[in-house]
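As structure tokens, the structure follows; a few thoughts come after it.
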Amino acid sequence: MNDFFMQLIDTYASFFDWEMWINVLTDPVSWGLIGTLIVMEGLLSADNALVLAVMVKHLPPKQRKKALFYGLLGAYFFRFLAIGIGVYLIKLTWVKVLGAAYLAWLAFDHFFRRPKIEGEEIELNKKGIIIRLFGPFWGTVVSVELMDIAFSVDSILAAFGVSEQVWILFVGGILGVLMMRGVAGIFLRLITKIPELESAAFILIAVISIKMFLSIFGIHMGHGIFFAILAAIFGGAIGLHHYRKKHQHQTANM
């Protein structure tokens with residue numbers, strides 16, 4: 001237990017290691033990994049932003065912004081806490097096995113899950129027990145916090161599959177949360193315009209799952225190979241979209 005707390009303290013202390021910060025910011029590979037985390041988080045969290053918007057829509061406009069802001073602070077705190085603990089836990093073989101299996105399940109669930117019934121909606125706030133316990137405003141804040149944590153679990157596990165370097169995880173995670181709240185609309189429009197990108201993001205999660213699983217056996221996927229796979233996945237998604245669009249156009253003109 002003492003070893004755990006010492007490593008935890010060392011991990012959090014490294015957040016203030018300016019030499020490591022400089023090394024990360026001047027390393028193109030680090031920026032490539034951070035960019036991967038940001039894009040993946042943005043694509044996967046675009047619909048999550050809509051869920052959060054639904055959760056606060058019953059509040060007055062000014063309180064909506066406050067509830068989302070408090071939720072944002074909670075999301076940052078949880079990411080900071082989870083990264084610190086995760087850096088220690090991800091070194092344990094059984095944690096990597098569970099993490100890789102969970103990411104694989106996420107990808108499987110996306111491609112083979114039960115189709116949604118048209119018009120099916122889940123009421124998230126108005127009659128929830130949290131609202132009754134804490135009241136309309138603070139109940140909504142607590143609900144947003146819990147939803148942020150639920151959304152973050154997937155992203156944090158995927159981030160550890162991409163890299164175990166503290167600063168890369170920290171920068172990618174922080175910017176990822178900001179992306180979800182600040183420019184979620186851009187990713188929503190992007191997914192609406194090119195729907196194949198959402199599936200591409202889950203294929204990337206499957207690749208990250210394989211990458212994490214291979215690391216258990218000491219097999220590490222090189223950065224060059226990973227970035228090549230990343231480019232192939234998203235390039236293929238965009239190419240498939242244009243092919244389908246062209247095919248539909250030709251069919252319509254026949």
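Quick note: residue numbers are just sequence positions, from 1.
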Heavy-atom count around Phe227 CZ within 6.0 Å, excluding the residue itself: above 12?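 Check passes, neighbour count above 12.
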[Y] reachable from [X] in the ILVMFWY side-chain graph, under 4.5 Å edges:
X      : Y      : value
Ile208 : Trp105 : yes
Met221 : Phe217 : no
Val207 : Phe112 : yes
Tyr102 : Ile216 : no
Leu240 : Ile203 : no

Looking only at heavy atoms, which two atoms of [X] and [Y] are closest? And how far apart?
X      : Y      : value
Val162 : Lys211 : O-NZ, 3.2 Å
Phe202 : Ala107 : O-CB, 3.6 Å
His110 : Ser199 : NE2-OG, 3.4 Å
His241 : Pro195 : ND1-CD, 4.0 Å
Ile205 : Leu106 : CG2-CB, 4.5 Å

Answer yes or no: is there a side-chain heavy-atom contact under 4.5 Å between [X] and [Y]?
X      : Y      : result
Ile210 : Leu103 : no
Trp31  : Asp27  : no
Phe213 : Ile219 : no

With sequence neighbours excluded, residues passing ring pair (Phe, Tyr, Trp, His ring centres under 6.0 Å) with Phe234: none
Summary of salt bridge (Lys or Arg N to Asp or Glu O under 4.0 Å) pairs that have at least one residue in residues 93-105, sequence neighbours excluded: Lys96-Glu164
Go through the structure and list residues passing side chain to side chain contact (heavy atoms under 4.5 Å, CB included) with Lys66, not counting sequence neighbours.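 Here the qualifying residues are Tyr70, Phe137.
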Could you go through Ile229 and Leu204, starting from their C-alpha distance and side-chain angles, then the distance that decides it, and tell me whether this counts as side-chain contact (heavy atoms from CB on, under 4.5 Å)? CA-CA 8 Å; Ile229 293 173; Leu204 176 59; 5.9 Å; no
What distance separates Glu196 CD from His242 NE2, expressed to the nearest 0.5 Å? 9.5 Å
Backbone N or O of Ala100 within a donor-acceptor pair of the Ser209 side chain at under 3.5 Å?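 It does hold such a pair.
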Do Ile194 and Leu197 pass the side-chain contact (heavy atoms from CB on, under 4.5 Å) test, and can you show the C-alpha distance, the side-chain angles, and the key distance before you say yes or no? CA-CA 6 Å; Ile194 308 178; Leu197 285 178; 3.8 Å; yes
